[in-house]
Amino acid sequence: ESSLLKSKFRACLLGSSIGDCFGSPYEGDIITSGEKIIIQRYFDKLEDPNFKGPYKQYTDDTAMMKSVAKFLIDKPEPDYKFLAKLFVTEYFKDPKRGYGQNVVEVFHKLKNSKFDDIFKPANEQFLGSGSYGNGGAMRVAPIALYFYNKYNYMLEVATNATKITHTNILGINGALLQCIAISQALLCDPETKIDPKVFCNQLCDKMKEIEKVDEDDLDATQNAYQEKLKIVENLLEKKHDDKLDEEVILHLGHGISAYESVPTAIYCFLKAQNEIPTIDTGNAFRRTIQYAITLGGDTDTIACMAGALAGAYLGEEAINPILAKQCELNKEILELADNLFSAREGL
Ligand code: 8NA
Ligand code: MG
Ligand code: MG
Ligand code: MG
């Protein structure tokens with residue numbers, strides 16, 4: 001039904017930005033069990049209707065996701081030069097939003113070359129190997145929503161939108177995995193519990209197609225995400241204790257590379273559909289974001305990706321409006337989601 005779909009669009013983009021805004025104060029931290037209690041209180045406060053504090057500010061994750069949404073809304077056909085200009089304009093308008101080092105260099109090169117070849121600057125980074133950061137994945141949500149029923153085209157657009165800044169195969173495939181996971185979550189009925197095994201296996205089958213390479217290309221990264229998804233599945237079967245979080249960090253990661261963060265976000269999303277002993281809330285959306293943050297590391301980006309998945313699955317009813325109001329751009333993000341939904345009509 002179209003009202004459920006619209007609610008999922010709104011919750012996906014809002015969930016993404018909530019994860020970014022709430023996770024950002026903890027970015028780069030190692031979270032001890034004492035700090036997990038502090039994070040529980042932090043969320044309790046954010047849900048308290050009497051709590052008055054400054055907005056939680058958004059970072060590069062939301063800034064770039066906004067540009068991707070605009071790119072789809074404003075033009076009938078994907079125009080990647082337009083997207084590159086949106087990224088660069090947004091960056092120079094407000095550069096202090098925690099962008100990655102490499103990506104800033106790409107923005108300068110794009111600007112100085114007058115957007116002559118928009119894929120060239122990213123291609124030149126890291127001695128030609130390109131960035132494997134999670135920047136492509138953190139901003140991919142609008143593409144997953146917009147093209148959720150045009151699978152092959154969705155992959156093409158997500159690939160090109162990523163390659164403006166990230167050309168390493170791990171950066172691209174990480175963005176594709178997050179994109180596929182969102183479109184899959186979007187199609188799940190929020191009234192029915194997701195079977196994590198089925199969800200992971202579906203993702204794994206799709207990554208098998210994507211990671212398929214020439215037989216003579218024995219690149220060690222060719223099964224990278226399929227292997228990670230198997231670890232996700234295994235970890236989801238284990239009983240929760242403090243040691244398990246350490247295992248998650250060790251085997252899935254919590255870093256700024258796509259490889260060490262996209263599977264982690266998927267794990268957080270699936271795990272949080274059930275109770276987690278260290279997190280006191282009955283709300284699966286909050287649990288997803290809060291759990292992602294308690295893993296530490298690249299908290300804003302992992303919570304952003306996990307939040308997009310939870311929103312796409314659960315819809316807007318699952319997001320406490322009091323909590324959402326603490327997020328700097330909450331109104332603007334919902335407007336973007338509505339415009340994205342409308343722009344799809346006739347597609
Ligand atoms: P990016 O493309 O600049 O990549 C991020 C970083 O990953 C780079 O600066 C490098 O250090 C490293 N990296 C990526 N590819 C390679 C490679 N091929 N060889 C060696 N090193 C490489 O930025 P992005 O857009 O992917 O963003 C990734 C993360 O950085 C996001 O979390 C974003 O919020 C940002 N960020 C993270 C932190 C943090 O402490 N976790 C702090 C500030 C910014
Ligand atoms: Mg960020
Ligand atoms: Mg940041
Ligand atoms: Mg980050």
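In each ligand, atom 1 is the first atom listed, and ligand 1 is the first ligand listed. Worth saying up front: this structure is predicted, and the values here are computed from it rather than measured. One is the number of the first residue; the rest follow in order along the sequence.
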Under 2.8 Å from the Mg ion (ligand 4), is there any N, O or S atom belonging to [X]?
X    : result
D20  : no
N134 : no
D61  : no

Just which atoms of ligand 1 are under 4.0 Å from any heavy atom in [X]?
X    : answer
G135 : 24 (P), 25 (O), 26 (O)
S129 : 18 (N)
Q101 : 3 (O), 9 (O)
D300 : 34 (O)
V103 : 3 (O), 25 (O)
T301 : 31 (C), 32 (O), 34 (O)

Is there at least one pair of N or O atoms, one from [X] and one from ligand 1, spaced under 3.5 Å apart?
X    : value
G130 : yes
M138 : no
T59  : no
N168 : no
Y99  : no

Between [Y] and [X], is there a salt bridge with N-O shorter than 4.0 Å?
X    : Y    : value
R286 : D44  : yes
K212 : E209 : yes
E90  : R97  : no
E124 : K120 : yes

Quick one: does [X]'s side chain have a donor or acceptor within less than 3.5 Å of a partner on [Y]'s backbone?
X    : Y    : result
H166 : G171 : no
Y259 : Y225 : no
Q178 : M305 : yes

Within a strict 4.5 Å, meaning less than it, do heavy atoms of the [X] and [Y] side chains meet?
X    : Y    : value
F115 : V88  : yes
F43  : I279 : no
V103 : F87  : no
D298 : E260 : no
F107 : P95  : no

Minimum non-hydrogen distance to atom 4 (O) of ligand 1, winning option of A122, G100, S131: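 The nearest heavy atom belongs to S131.
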Proximal candidate to atom 3 (O) of ligand 1 [heavy atom criterion; set D60, N102, L127]: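 Of the listed residues, N102 has the closest heavy atom.
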Would you say T59 reaches the Mg ion (ligand 2) with an N/O/S atom under 2.8 Å?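 Short answer: yes, at least one N, O or S atom is under the cut-off.
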Just checking: D60, one of its N/O/S atoms, less than 2.8 Å away from the Mg ion (ligand 2), yes or no?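 Yes, within the cut-off.
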Which part of [X] is near ligand 1, with near meaning a heavy atom under 4.0 Å away: side chain, backbone, both or neither?
X    : result
F126 : side chain
M64  : neither
D61  : side chain

Could you pull out the atom name of the N/O/S atom in [X] that is nearest the Mg ion (ligand 4)?
X    : answer
E27  : OE2
D300 : OD1
D298 : OD1

Output all residues satisfying ring pair (Phe, Tyr, Trp, His ring centres under 6.0 Å) with Y146, sequence neighbours left out; order by chain, then residue number.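 If we apply the ring pair (Phe, Tyr, Trp, His ring centres under 6.0 Å) test to Y146, skipping adjacent residues, there are no hits.
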Using the rule that Ile, Leu, Val, Met, Phe, Trp and Tyr join whenever any side-chain heavy atoms are under 4.5 Å apart, tell me whether M65 and Y55 fall into a single cluster. no
